[in-house]
K.L.:
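My questions all concern the structure below.
In what follows, chains carry the letters A, B, and so on, assigned in the order in which the sequence lines appear, proteins first and then strands, with residues in each chain numbered from 1.
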There are 2 protein chains.
Amino acid sequence: MNKSNAYKVIGRPEPRSDGLEKVTGKAIYTVDVALPGMAHAKIMRSPYPHARIVRVDCRQAERLPGVYAVITKEDQRGLGMFGAAYKDQTIVAVDKARYVGDPVAAVAAVDEATAEEALALIDIDYEELPAVSSLEEALAPGAVLVHDFASSGGELMGQRYETPKEFAGTNLCYRFSYAKGDVGEAFKKADQVFEDTFTFPRVQHFSMEPHATVAQVEEDRITMWAGTQEPFTLREHLADIFKVPLNKIRIIVPYVGGGYGGKLAVKTEPLAAALSWKAKRPVRLVHTVEESFKTVTRHPARVRIKTGVTRDGKLLARECLIHMETGAYADAGPRVTQKAGYRSLGPYRIPHTKTDAYTVYTNTVPAGAYRGFGTLQVTWAYESQMDIIAGKLGLDPLEFRLKNLLKKGELYTPGDTPVDCDLEEGLLRAAKAIGWGERSERNARGKGLACCMKDGGGTYKVSSAAVKMNSDGSVVLLTGTVEVGQGARTALSQIVAEELGVPFDRVMVAQLDTDVTPYDVNTNASSSTVVMGLSVQRAARDLKRQLLRHASKLLKAKPDQLRLEGGRVHGGNHSSLSLPELMHKVFLSRAGEIVGRGAYQDIKSKKAALGSPTTFWEISWGAAEVEVDADTGEIKLVKYVSLADVGKAIHPVMCEGQDEGGVMNAIGHTLLEEMIYKDGQLLNPNLVDYRVPSFTHLPKDFETILVENQNGPGPFGAKGTGEGGLLPVASAIGNSVYNAVGVRLYDLPLTPEKVWRALQAKKTA
Amino acid sequence: MNKSNAYKVIGRPEPRSDGLEKVTGKAIYTVDVALPGMAHAKIMRSPYPHARIVRVDCRQAERLPGVYAVITKEDQRGLGMFGAAYKDQTIVAVDKARYVGDPVAAVAAVDEATAEEALALIDIDYEELPAVSSLEEALAPGAVLVHDFASSGGELMGQRYETPKEFAGTNLCYRFSYAKGDVGEAFKKADQVFEDTFTFPRVQHFSMEPHATVAQVEEDRITMWAGTQEPFTLREHLADIFKVPLNKIRIIVPYVGGGYGGKLAVKTEPLAAALSWKAKRPVRLVHTVEESFKTVTRHPARVRIKTGVTRDGKLLARECLIHMETGAYADAGPRVTQKAGYRSLGPYRIPHTKTDAYTVYTNTVPAGAYRGFGTLQVTWAYESQMDIIAGKLGLDPLEFRLKNLLKKGELYTPGDTPVDCDLEEGLLRAAKAIGWGERSERNARGKGLACCMKDGGGTYKVSSAAVKMNSDGSVVLLTGTVEVGQGARTALSQIVAEELGVPFDRVMVAQLDTDVTPYDVNTNASSSTVVMGLSVQRAARDLKRQLLRHASKLLKAKPDQLRLEGGRVHGGNHSSLSLPELMHKVFLSRAGEIVGRGAYQDIKSKKAALGSPTTFWEISWGAAEVEVDADTGEIKLVKYVSLADVGKAIHPVMCEGQDEGGVMNAIGHTLLEEMIYKDGQLLNPNLVDYRVPSFTHLPKDFETILVENQNGPGPFGAKGTGEGGLLPVASAIGNSVYNAVGVRLYDLPLTPEKVWRALQAKKTA
């Protein structure tokens with residue numbers, strides 16, 4: 001039943017809860033936190049991609065007036081190692097530095113200038129070692145090893161990751177394999193087999209707010225203000241490192257200026273805590289932009305994709321070999337690798353599949369979680385190859401896709417959640433919107449389509465929330481979802497307001513504080529609207545039940561005869577009570593509060609390939625039209641249409657904003673962004689040399705279409721959105737370029753140089 | 001059943017939860033809070049006891065560099081009036097200043113010195129008015145009126161207070177009357193009738209930490225760090241004054257350095273908020289000691305007590321006329337007056353009683369809540385008069401009391417909770433401990449007894465709490481009880497640890513923050529151990545129920561076959577699970593938390609004199625031995641024995657500490673403390689001229705006896721304690737003085753001058 005019209009708050013463009021604070025500059029981010037006596041920290045970073053640390057002398061630095069503490073490898077003694085998936089990191093490098101930028105020492109001082117000055121006084125003797133700076137080098141036989149240990153393992157987001165024993169003596173640290181059917185036989189039966197290799201560049205998250213932490217360690221208690229996407233998980237990391245129970249660690253999360261996965265797990269927060277512990281005062285550690293480039297990136301990847309088809313265009317078999325370059329420390333690499341592998345099947349019916357995805361250490365900056373968790377790397381490959389195949393088979397790329405798309409209710413893999421969306425409907429709408437089949441107005445113009453899906457919600461989710469009604473009927477929502485700019489506070493407040501029948505502005509979201517905010521595993525994977533949304537909706541309904549139970553006694557009616565609307569409880573016979581009146585009658589004075597609680601927990605199933613069925617399917621379609629300048633190789637994006645299956649848009653304007661942001665984000669890695677290394681040195685760690693898209697890169701004709709079929713498991717039929725917008729962009733543009741000028745590109749970003757060289761090669765061919 | 005021996009944590013001297021922080025100086029109080037850009041406030045106060053404010057010119061002050069805001073009477077426009085019981089206060093005086101110290105303007109500036117400088121530049125024209133500075137002046141016919149309005153009314157702690165209409169044109173603002181039987185007839189039948197008048201001085205709470213507030217007002221949102229005993233109620237006051245909903249006000253309570261009632265309700269917190277609003281930055285307003293003297297005091301009182309007895313020493317009738325001087329603003333005066341009136345019956349069986357208690361405005365500093373809420377004023381009177389009567393009847397004061405004491409289970413008044421303690425047992429123990437009946441070793445020594453009771457827990461209580469178990473089995477307690485030094489965090493943590501079968505140090509108390517901490521009406525009236533104690537115990541049991549329900553599935557046993565002990569769930573057949581193991585099995589990963597909630601709410605009953613039956617009876621006994629120096633009149637307290645009926649001591653050492661502190665506090669108003677006014681000016685608003693007891697004032701022989709009969713309604717049979725220790729002190733000492741040197745004193749404090757004059761008068765009589 002589509003009850004959209006009946007909603008009072010859901011589906012309406014309420015003003016952002018955090019809007020006024022943000023536009024007036026009053027919103028507090030971690031960088032704004034200032035505590036009495038607070039010291040400022042700076043990190044000394046390795047200038048070598050790989051080097052043994054022979055001797056560290058920090059005596060001069062310690063003697064500098066204004067210096068409170070210097071942390072060197074000696075301070076790791078007694079502390080636990082850490083890392084998102086594997087515990088392969090230390091607060092500063094101990095035996096070896098493993099990439100240019102690897103923290104080797106840190107200083108807390110009266111101000112940043114003094115801290116910088118102290119860094120210059122730290123004397124470190126390095127013994128430079130040969131390094132592996134690319135997948136090729138790392139995978140070569142007899143390659144230098146980034147880590148000496150033979151194997152590693154750990155739990156991440158409810159799953160166990162292990163380094164297989166046979167990887168000893170290599171730079172491999174994780175493998176994900178998935179197979180169904182018999183690809184060997186199927187390739188034999190196929191009329192044609194296509195094999196292509198695509199690469200994806202190293203790009204940085206580029207949050208407007210770099211990584212920031214303020215840590216205050218007193219005795220055995222750690223208080224931390226952190227720009228983090230998963231405070232509860234960060235708390236666990238800190239508990240392990242500092243060997244204190246969880247209730248001795250309090251993490252407060254102010255507004256976060258963008259996360260994109262780069263603020264998941266644990267980065268330099270433990271270093272800030274160690275500095276505070278040693279300096280005996282609060283310590284503020286705020287990265288520069290350059291430092292965030294040296295802290296975490298997305299995984300560069302190489303995807304070899306082999307697909308067998310019948311003559312009439314049915315997909316028969318697919319085999320993928322994926323290598324994800326995770327840099328010097330694994331961070332979330334194993335998980336990203338697993339997701340890349342699992343998602344390499346695409347939104348198509350392929351009876352026989354086999355995927356092997358590997359995580360590879362190199363002496364480069366660690367790669368971690370990034371929007372899509374490996375999906376972008378594989379969608380770039382599979383949706384580009386779909387057009388290659390269609391071309392070779394003489395089929396229209398749209399028709400070819402339609403022949404193979406999974407139907408709603410069909411299984412992606414056995415044991416997983418059935419597909420919860422009509423893929424065909426969306427693809428046809430995308431095609432129509434771009435004018436598929438109509439000729440482009442001008443030469444050197446072309447169109448391209450892409451359709452992508454990912455298992456939404458990450459994997460295993462545990463979440464809870466509380467909704468409180470004060471004695472005056474005003475409402476407070478306690479949620480562990482981090483407001484990273486995505487508008488979570490607004491959407492979650494809408495859910496509360498709708499359920500309680502109060503105006504939107506009666507709901508306020510309390511500050512996130514792990515001591516008191518109900519547990520939530522993390523803010524990632526476009527999951528909050530579904531996962532936290534359900535927790536919040538259940539909490540609001542729990543509160544509602546309690547309110548109606550009280551009201552039923554007062555209004556002498558059964559709870560199910562009552563309804564909440566306009567801040568009142570309405571009963572039969574035109575009787576009603578305002579919420580403050582109800583509260584007053586319950587507490588017999590102007591006092592008290594009623595709290596509702598709600599929770600969500602994914603199920604686990606051994607039948608599911610990833611151990612837990614997908615929470616929802618995040619599905620998106622993209623259609624692009626480009627114009628290629630044959631003289632310069634420049635790709636001009638003329639038009640882009642993005643479709644997102646949002647189920648039900650809680651706040652349509654913000655959903656569109658999220659989707660547009662996603663597309664813009666993907667224009668970056670499609671056309672512009674690439675971290676460039678030379679001899680292990682990052683050449684462009686700043687906004688001048690590393691280009692992120694600006695508004696000038698957006699197509700004039702830019703449309704987002706929200707597909708709303710109330711087909712999501714979230715509140716009011718909602719699904720998560722945000723990452724979806726990114727997925728089809730690169731391949732839709734790559735396919736358009738082929739359609740425009742007949743050159744096929746395999747390596748992102750599609751820079752003018754690459755296009756021009758391809759055009760030259762084509763001419764000379 | 002006395003299960004004391006079975007307890008693992010209850011009744012044991014666990015280290016204070018806040019001990020380490022406090023002795024190392026790391027504990028954060030409101031004065032320690034510092035925010036970026038924070039301004040410092042100073043208050044300009046009226047130099048006149050009563051004056052019309054003719055003109056305020058603050059232009060020069062506003063122009064002083066470093067001044068961010070000046071608040072004058074103009075800024076009250078649009079704001080609501082406020083006050084604990086009646087809304088008779090404004091952020092600064094508007095039409096008239098009503099006492100020396102009444103705020104008339106305030107400044108927020110870059111530092112305190114600049115703020116002080118700006119105050120000197122504010123030009124105010126006053127028109128001095130005649131003032132009433134004592135009960136006598138205020139009650140005289142045709143007296144100047146402190147307030148012009150005819151009547152006032154308001155709700156305080158779940159009760160309604162009103163100024164009777166007939167008080168128009170007087171300085172009376174509230175009356176409490178209670179009567180049972182027929183005192184007129186009873187006095188006629190009495191063999192003897194005694195009528196005496198006692199007075200009680202004006203004393204200050206003298207918390208080690210003066211009143212302190214840091215306010216941050218942004219748009220319509222108020223965040224406040226405040227040294228307050230009732231943050232949730234303060235939030236309501238602010239909501240009314242600034243006309244914002246409760247969810248827009250967040251009050252965070254750091255440690256509080258003593259309250260004693262002086263930090264209940266609302267003081268200068270709204271002024272701090274108004275300054276922040278106007279200065280557009282956080283504002284810190286910290287009183288000097290002198291300013292706290294000019295903010296709130298205990299009620300000076302005059303108690304006329306008339307008692308009729310039979311020849312053989314049975315109390316027949318009592319009539320009390322009580323006047324409580326509430327100063328320039330009512331604050332909690334009506335409630336204190338009500339309590340003084342209701343508690344004037346004492347712990348005795350008196351068939352006929354009549355009490356009239358009045359609240360009287362004067363042009364002096366407002367009097368508000370103070371430990372005992374009016375009880376000290378009346379116990380001084382009734383327990384002194386008991387000895388006067390015994391003396392006249394030729395009865396031993398102990399025997400006379402024993403004849404009349406209420407029995408356990410007897411009613412104090414119809415409709416109230418029956419007496420929950422054996423009063424006789426305690427009195428006999430007190431008598432024995434002081435060596436009653438044995439002659440004092442030296443001349444001029446004497447002994448005295450007193451037995452007092454008050455309805456504990458204030459009146460109407462609404463409270464709630466939450467207890468959370470983290471995935472590692474560590475525990476967080478969320479409680480709205482303010483740690484004012486009484487050790488609430490420790491005692492409440494013990495209750496949690498006992499219920500959950502975990503070691504005491506596994507429990508941590510989260511910071512009190514009205515946004516997220518479960519509602520609690522206030523921290524007062526020795527109530528927290530019972531009221532919050534029950535909420536906390538219920539929350540812990542709710543958590544335990546959930547844990548056992550989960551464990552019962554895993555251990556394949558019924559929940560009632562399981563027990564929590566030593567951080568494990570134990571089932572049958574030696575099977576057991578650690579709490580982290582249990583949590584891991586519930587959440588299928590290292591994630592999640594389980595939260596228990598508990599609440600407590602007093603009942604209301606029209607049959608109860610105060611609308612709500614007493615939560616528990618706080619009963620205490622005191623026995624003193626003094627030596628009087630006939631030459632100087634100095635009273636030397638030789639020995640003091642205090643007995644407190646604590647029901648069950650959760651933490652015996654802290655109970656003793658509370659009781660000893662209470663006695664010491666009462667030694668102040670008994671022997672030393674009095675705020676001295678001359679021409680409306682307070683002459684001794686500082687520690688040099690106003691003496692509070694020091695350790696040298698304690699008797700060498702000082703004993704506290706905890707009476708533990710598990711007779712309280714609180715957790716494990718506990719009752720509240722703290723205020724009880726104060727109650728008998730003054731009369732036990734007064735009676736000892738009479739016993740020693742034969743002079744009866746009616747006016748506290750019992751200074752050497754008064755004693756010497758009484759001795760002289762006796763000689764010449």
K.L.:
Does B:Phe232 have any ring pair (Phe, Tyr, Trp, His ring centres under 6.0 Å) partners at least two apart in sequence or in another chain, and if so, which?
P.N.:
B:Tyr519
K.L.:
Hey, could you give me the CZ/CD distance between A:Arg250 and B:Gln511, rounded to the nearest 0.5 Å?
P.N.:
4.5 Å
K.L.:
Mind ranking A:Ser612, A:Ala466, A:Pro518 by heavy-atom pairs under 4.5 Å with chain B and telling me who comes out on top?
P.N.:
A:Pro518
K.L.:
Looking at chain B, which one of A:Ala591, A:Ser464, A:Ala34 has the largest number of heavy-atom pairs inside 4.5 Å, strictly under?
P.N.:
A:Ala591
K.L.:
Given that the side chain runs from C-beta out, which part of A:Arg160 has a heavy atom under 4.5 Å from chain B: side chain, backbone, both or neither?
P.N.:
neither
K.L.:
Out of B:Val516, B:Leu246, B:Val462, return the one with the most heavy atom pairs under 4.5 angstrom to chain A.
P.N.:
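Greatest number of close heavy-atom pairs with chain A: B:Leu246.
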K.L.:
Heavy atoms under 4.5 Å from chain B: which residues of residues 467-477 of chain A carry them?
P.N.:
A:Lys468, A:Asn470, A:Ser471, A:Asp472, A:Ser474, A:Val475, A:Val476
K.L.:
Quick check: under 4.5 Å, non-hydrogen atoms only, which of residues 597-605 of chain B neighbour chain A?
P.N.:
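If one takes a 4.5 Å heavy-atom cut-off, the residues of residues 597-605 of chain B near chain A are B:Arg597, B:Gln601, B:Lys604.
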K.L.:
For the candidates B:Pro36, B:Gly592, B:Ser589, which exhibits the highest count of non-hydrogen atom pairs separated by less than 4.5 Å from chain A?
P.N.:
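That would be B:Gly592.
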K.L.:
Chain B heavy atoms under 4.5 Å from A:Thr233: which part of the residue, side chain, backbone, both or neither?
P.N.:
neither
K.L.:
Among residues 15-28 of chain A, which residues come closer than 4.5 Å to chain B, judged by heavy atom distances?
P.N.:
A:Leu20, A:Glu21, A:Thr24, A:Lys26
K.L.:
Counting heavy-atom pairs under 4.5 Å to chain B, which of A:Glu218, A:Met508, A:Lys248, A:Arg235 comes out on top?
P.N.:
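Of the candidates given, the most pairs with chain B belong to A:Met508.
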K.L.:
Hey, which of A:Asp515, A:Asp32, A:Leu588 has the most heavy atom pairs under 4.5 Å with chain B?
P.N.:
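Maximum pair count with chain B is reached by A:Leu588.
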K.L.:
Which region of A:Glu155, side chain (C-beta onward) or backbone (N, CA, C, O), has a non-hydrogen atom less than 4.5 Å from a non-hydrogen atom of chain B, or is it both or neither?
P.N.:
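Only the side chain of A:Glu155 comes within 4.5 Å of chain B.
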